[in-house]
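Quick caveat: nothing in here was measured; it's all calculated off a predicted structure. Per chain, numbering begins at 1; letters A, B, ... match sequence-line order.
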Number of protein chains: 2
Amino acid sequence: MKDTDDKLTNRNIKPTAMRELVLDILTEQKMAISLSDLEQKFHKSDKVTLYRTLKTFEEKKLIHSIDDGTGAVKYALCKESCQCHPEDLHVHFFCLKCQHTFCLSDIPIPSINLPVNFSIENINMVVKGVCSSCND
Amino acid sequence: MKDTDDKLTNRNIKPTAMRELVLDILTEQKMAISLSDLEQKFHKSDKVTLYRTLKTFEEKKLIHSIDDGTGAVKYALCKESCQCHPEDLHVHFFCLKCQHTFCLSDIPIPSINLPVNFSIENINMVVKGVCSSCND
DNA sequence: AAGTTTATGCAACTGAGTTGCAAACTAATC
DNA sequence: GATTAGTTTGCAACTCAGTTGCATAAACTT
């Protein structure tokens with residue numbers, strides 16, 4: 001638990017049992033998960049608590065949210081150094097076959113030349129297609 | 001109405017009064033609009049009919065949908081030639097100040113080198129920031 | 001005109017996200 | 001270690017976007 005604890009305190013999040021549990025679940029995921037996915041990992045749980053936990057994590061930049069167009073926002077862990085600035089962002093992939101959403105952490109979002117006088121704060125880029133596991 | 005009619009029939013959509021009206025409204029928009037935005041442009045209207053109209057338009061590639069992360073999907077007209085293939089797609093912009101969503105029709109979505117064995121079908125790219133009108 | 005297909009309108013529902021409030025817990029102080 | 005103040009959790013209840021089923025109306029077919 002020490003490690004999980006540190007990750008929380010490093011991000012200025014008071015480590016409660018609930019939050020450690022949620023962080024552990026998020027850590028073992030290979031893909032981004034939604035609030036209701038998360039809810040189903042608990043036998044007995046309260047959606048609202050999980051909701052607020054995710055909000056807190058996101059606010060403190062421990063996780064980031066991905067709007068993959070499925071109607072449910074997905075969440076995934078940020079890298080240790082991530083500040084969620086445009087230059088920290090990466091592309092996400094949604095597989096139309098297995099319906100999973102992944103971080104393509106190695107693929108930064110290409111920079112865009114916006115029209116004059118537009119300023120940029122954030123970018124969401126989701127590629128949809130078929131992932132390698134489903135393409136065999 | 002002749003022109004509106006043609007746009008519908010060109011896309012294989014049977015031109016009804018309702019559909020002409022919706023297409024006209026969409027045509028005069030400078031920004032993408034949501035279902036409920038559209039609903040409010042009618043004094044008396046049925047959400048479901050508008051919903052199905054938009055679905056039909058989207059299916060026939062007369063309009064495209066934009067998931068800007070606000071929780072309500074927005075819609076905007078496609079170019080005449082658009083087939084909604086990856087190469088037809090452009091970047092969208094959401095202004096954090098005026099809360100409007102625009103097509104940046106002139107900015108194509110940059111191509112991405114996906115990992116091996118990933119195939120691509122579609123891309124959604126939304127840049128968030130402040131638009132030129134709000135940046136004065 | 002009768003029959004078939006398509007579009008529209010109404011009611012009702014689902015599911016994600018959210019708020020308010022009270023109880024439980026934690027941390028800080030005496 | 002009891003008292004208080006602040007934070008977190010759990011429950012109920014609600015909002016709002018999107019959606020389905022079904023009945024009526026309109027448009028096409030012969």
Atom [atom1] of [X] and atom [atom2] of [N]: how far apart are they, to the nearest Å?
X       : N      : atom1 : atom2 : answer
B:Ile13 : C:dT6  : CD1   : P     : 15 Å
A:Leu8  : D:dT8  : CG    : P     : 12 Å
A:Met18 : D:dT7  : CE    : C1'   : 15 Å
A:Glu39 : C:dG17 : CD    : P     : 11 Å
B:Asn12 : C:dA7  : CG    : P     : 11 Å
B:Asp68 : D:dA17 : CG    : C1'   : 13 Å
A:Leu35 : C:dT19 : CG    : C1'   : 15 Å
A:Lys47 : D:dA12 : NZ    : C1'   : 11 Å

Worksheet item: Does one side chain, of B:Lys74 or B:Thr70, offer a donor that lies under 3.5 Å from an acceptor on the other?
Response: yes
Worksheet item: Counting heavy atoms not belonging to B:Glu80, are there more than 12 under 6.0 Å from its CD?
Response: no
Worksheet item: For A:Tyr51 and C:dA16, is the shortest distance between a side-chain N/O and OP1 or OP2 below 4.0 Å?
Response: no
Worksheet item: Hey, can you pull the residues of residues 52-64 of chain A with a non-hydrogen atom under 4.0 angstrom from DNA chain C?
Response: A:Arg52, A:Lys55
Worksheet item: Taking the six-membered ring for Trp, are B:Phe93 and A:Phe118 parallel (under 30°), tilted (30 to 60°) or perpendicular (over 60°)?
Response: perpendicular
Separation of [Y] [atom2] from [X] [atom1] (nearest 0.5 Å):
X       : Y       : atom1 : atom2 : result
B:Cys82 : B:His90 : SG    : NE2   : 8.0 Å
A:Leu77 : A:Leu26 : CG    : CG    : 5.5 Å
B:Asp88 : B:Lys61 : CG    : NZ    : 9.5 Å

Response to the item:
On a heavy-atom basis, the closest approach of B:Asn113 and A:Ile107 is O-CD1, 3.3 Å
Discussion item. Nearest to the B:Ser36 side chain among D:dA17, C:dG20, C:dA7, which nucleotide is it?
Written reply: D:dA17
Worksheet, complete the sentence: Side-chain atoms of B:Val48 come closest, of C:dT8, C:dC10, D:dC28, to C:dC10
Worksheet, complete the sentence: Judged by nearest nucleotide, the residue sitting upstream toward the 5' end of DNA chain D, B:Thr16 or A:Asp46, is A:Asp46
Worksheet item: Which part of the nucleic acid, if any, lies within reach of A:Lys14 when heavy atoms closer than 4.0 Å are counted: base, sugar-phosphate only, or nothing?
Response: sugar-phosphate
